[in-house]
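Working notes, structure below.
None of these values were measured; they are calculated from a predicted model.
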Amino acid sequence: KESGNTPKVVVSYHLTRNAMVYANAAKGYRPGATGAGVPASICAADLAAIDRSAASTGSYEPDTLWDYELGEKVTSQPLGLSVDSDVYYMKWNDLQQLLLLPICGFDFNGNFGSAVSKGAELQVRYAISRALLVSVSGSFTQAQLASTVTGAQGVAGDPLENVPKWTGSLAVDYQRPIHPGLNGFAHLDMSTSSRQYNNFVPTSIYYDTGGYTLANARVGINAGNWQ
């Protein structure tokens with residue numbers, strides 16, 4: 001039987017009624033599991049290449065993550081402004097990965113090293129007027145393998161899968177009365193993401209996905225519960 005714990009500590013301090021700073025530390029836990037493993041007779045060459053025994057492929061240990069964060073939240077009702085920002089550092093230990101054995105074609109889950117993710121986030125909301133609201137957000141993330149073991153996919157320093165380095169978004173909302181009981185509205189939003197990596201094999205045709213930007217717009221009328 002397996003057990004784990006996920007403690008979390010949060011400390012906050014109000015500088016003023018509208019300004020707060022905080023710090024938190026939290027642990028994440030993902031249980032291990034057992035499985036059938038791979039057959040020793042068929043996968044002997046693969047297992048020798050990564051210095052593993054067939055018996056060791058039948059189970060894997062839990063992996064854990066510690067997340068440390070510092071941030072602030074500031075609001076100003078007269079200006080219609082709010083600003084939230086934070087910086088964080090995450091350490092991921094005993095990373096669970098799926099490993100494919102190339103000769104025999106079998107795969108198994110194991111613990112293959114550690115990873116680190118650090119970055120910053122910012123979100124700003126500004127009500128320019130009662131009719132017009134603008135929201136902007138952005139983030140920077142550097143997520144990399146910190147260490148690996150024999151047979152693991154990737155090497156220390158490789159970026160983690162599916163984690164873009166930069167993301168950002170912009171949203172604009174506008175509304176105004178056009179008739180008693182009727183309000184017109186318009187919404188525009190845009191999001192952008194930098195290049196991200198899908199696996200640890202540079203020669204793979206699926207190795208990465210290019211950056212992209214998406215935009216949406218809509219206009220309409222609100223009439224009570226109808227839109």
Side-chain angles (χ1 to χ4, degrees), residues 1-10 23-70 86-121 139-167 193-209:
K1 185 177 180 180
E2 191 172 282
S3 63
N5 56 78
T6 55
K8 182 175 183 178
V9 178
V10 180
N24 69 49
K27 180 185 178 183
Y29 171 88
R30 181 167 55 172
T34 59
V38 303
S41 57
I42 300 176
C43 299
D46 285 304
L47 294 170
I50 62 174
D51 194 26
R52 295 289 294 261
S53 67
S56 72
T57 67
S59 64
Y60 54 95
E61 299 299 318
D63 57 0
T64 58
L65 180 147
W66 274 101
D67 175 20
Y68 306 94
E69 183 177 336
L70 295 172
D86 66 78
V87 293
Y88 62 88
Y89 176 89
M90 298 182 186
K91 182 65 183 294
W92 192 359
N93 294 311
D94 298 318
L95 187 63
Q96 296 176 7
Q97 284 190 37
L98 180 69
L99 180 65
L100 174 66
L101 301 177
I103 300 175
C104 68
F106 283 83
D107 58 37
F108 70 95
N109 284 298
N111 301 94
F112 293 109
S114 62
V116 168
S117 178
K118 51 191 174 184
E121 300 169 315
S139 69
F140 167 79
T141 303
Q142 186 174 23
Q144 298 175 317
L145 291 174
S147 66
T148 59
V149 299
T150 302
Q153 300 180 43
V155 297
D158 280 353
L160 293 188
E161 299 169 315
N162 307 315
V163 182
K165 181 169 285 190
W166 295 96
T167 62
S193 175
S194 64
R195 177 188 187 191
Q196 56 185 298
Y197 299 90
N198 305 317
N199 58 52
F200 299 110
V201 185
T203 56
S204 169
I205 61 173
Y206 306 108
Y207 177 57
D208 63 356
T209 301

Q.
One pair to check against side chain to side chain donor-acceptor pair (under 3.5 Å): Thr141 and Tyr88. What are the steps and the verdict?
A. CA-CA 9 Å; Thr141 303; Tyr88 62 88; 2.8 Å; yes

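Legend: residues meeting side-chain hydrogen bond (donor to acceptor under 3.5 Å, both in side chains) with Thr64, ordered by chain and number and at least two apart, are absent. Judged as a side-chain contact (heavy atoms from CB on, under 4.5 Å), and not counting sequence neighbours, the contacts of Pro202 are Tyr207. By the side-chain hydrogen bond (donor to acceptor under 3.5 Å, both in side chains) test, Ser59 pairs with no residue at all, sequence neighbours left out. Every residue two or more places apart in sequence or in another chain was checked for a salt bridge (charged side-chain N to carboxylate O under 4.0 Å, His left out) with Asp94, and none qualifies. In this structure, the side-chain contact (heavy atoms from CB on, under 4.5 Å) partners of Tyr68, at least two apart in sequence or on a different chain, are Ala25, Trp66, Tyr89. Applying the side-chain hydrogen bond (donor to acceptor under 3.5 Å, both in side chains) rule to Ser114 yields the partners Ser147; only residues at least two apart in sequence or on another chain are considered. For the side-chain hydrogen bond (donor to acceptor under 3.5 Å, both in side chains) test, residues two or more places apart in sequence or in another chain that qualify with Ser139 are Thr167.
Of all non-hydrogen atoms in Ala26 and Lys8, the two that sit nearest each other are CB-CG, 3.8 Å. Contact record, Arg30 with Asp63: NH2-OD2, 2.6 Å, taken as the closest heavy-atom pair. Annotation for Val149 and Gly113: closest pair CG1-N, 4.3 Å, computed over non-hydrogen atoms. Of all heavy-atom pairs spanning Tyr206 and Asn199, the tightest one is O-ND2, 3.6 Å. For the pair Gly110 and Tyr60, the tightest heavy-atom approach, listed with the atom from each and the gap, is CA-CB, 3.8 Å.
Listed by first and then second residue, the salt bridge (charged side-chain N to carboxylate O under 4.0 Å, His left out) pairs involving residues 194-207 are Arg195-Asp208 (not counting sequence neighbours). Residue pairs satisfying the ring-ring contact (aromatic ring centres under 6.0 Å, His included) criterion with at least one member in residues 35-57, sequence neighbours excluded, are absent.
Interatomic distance, CG of Asn24 versus CG of Asp67, reported as 6.5 Å (0.5 Å rounding). Between the CG atom of Leu145 and the CD atom of Gln97 there is a distance of 6.5 Å, given to the nearest 0.5 Å. Taken to the nearest 0.5 Å, the OG atom of Ser194 stands 9.5 Å off from the CZ atom of Phe140. Atom OH of Tyr29 sits about 14.0 Å away from atom CG of Leu65, to the nearest 0.5 Å.
Side-chain contact between Leu95 and Phe112 is absent, with no heavy-atom pair separated by less than 4.5 Å. A 4.5 Å side-chain heavy-atom check between Trp92 and Ser117 finds every atom pair outside the cut-off.
The closest donor-acceptor contact from the side chain of Thr57 to the backbone of Phe108 lies at 3.5 Å or more, if one exists at all.
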I'd like a table of donor-acceptor pairs (distance under 3.5 Å, sequence neighbours excluded) in which one partner is a side-chain atom from residues 151-164, with atom names and distances.
| residue | atom | partner | partner atom | Å |
| --- | --- | --- | --- | --- |
| Gln153 | NE2 | Leu98 | O | 2.3 |
| Asp158 | OD2 | Val155 | N | 3.0 |

Side-chain polar contacts of residues 41-50 - donor-acceptor pairs under 3.5 angstrom, sequence neighbours left out - could you list them?
| residue | atom | partner | partner atom | Å |
| --- | --- | --- | --- | --- |
| Asp46 | OD1 | Ile103 | N | 3.1 |
| Asp46 | OD2 | Ile103 | N | 3.3 |
| Asp46 | OD2 | Cys104 | N | 2.8 |

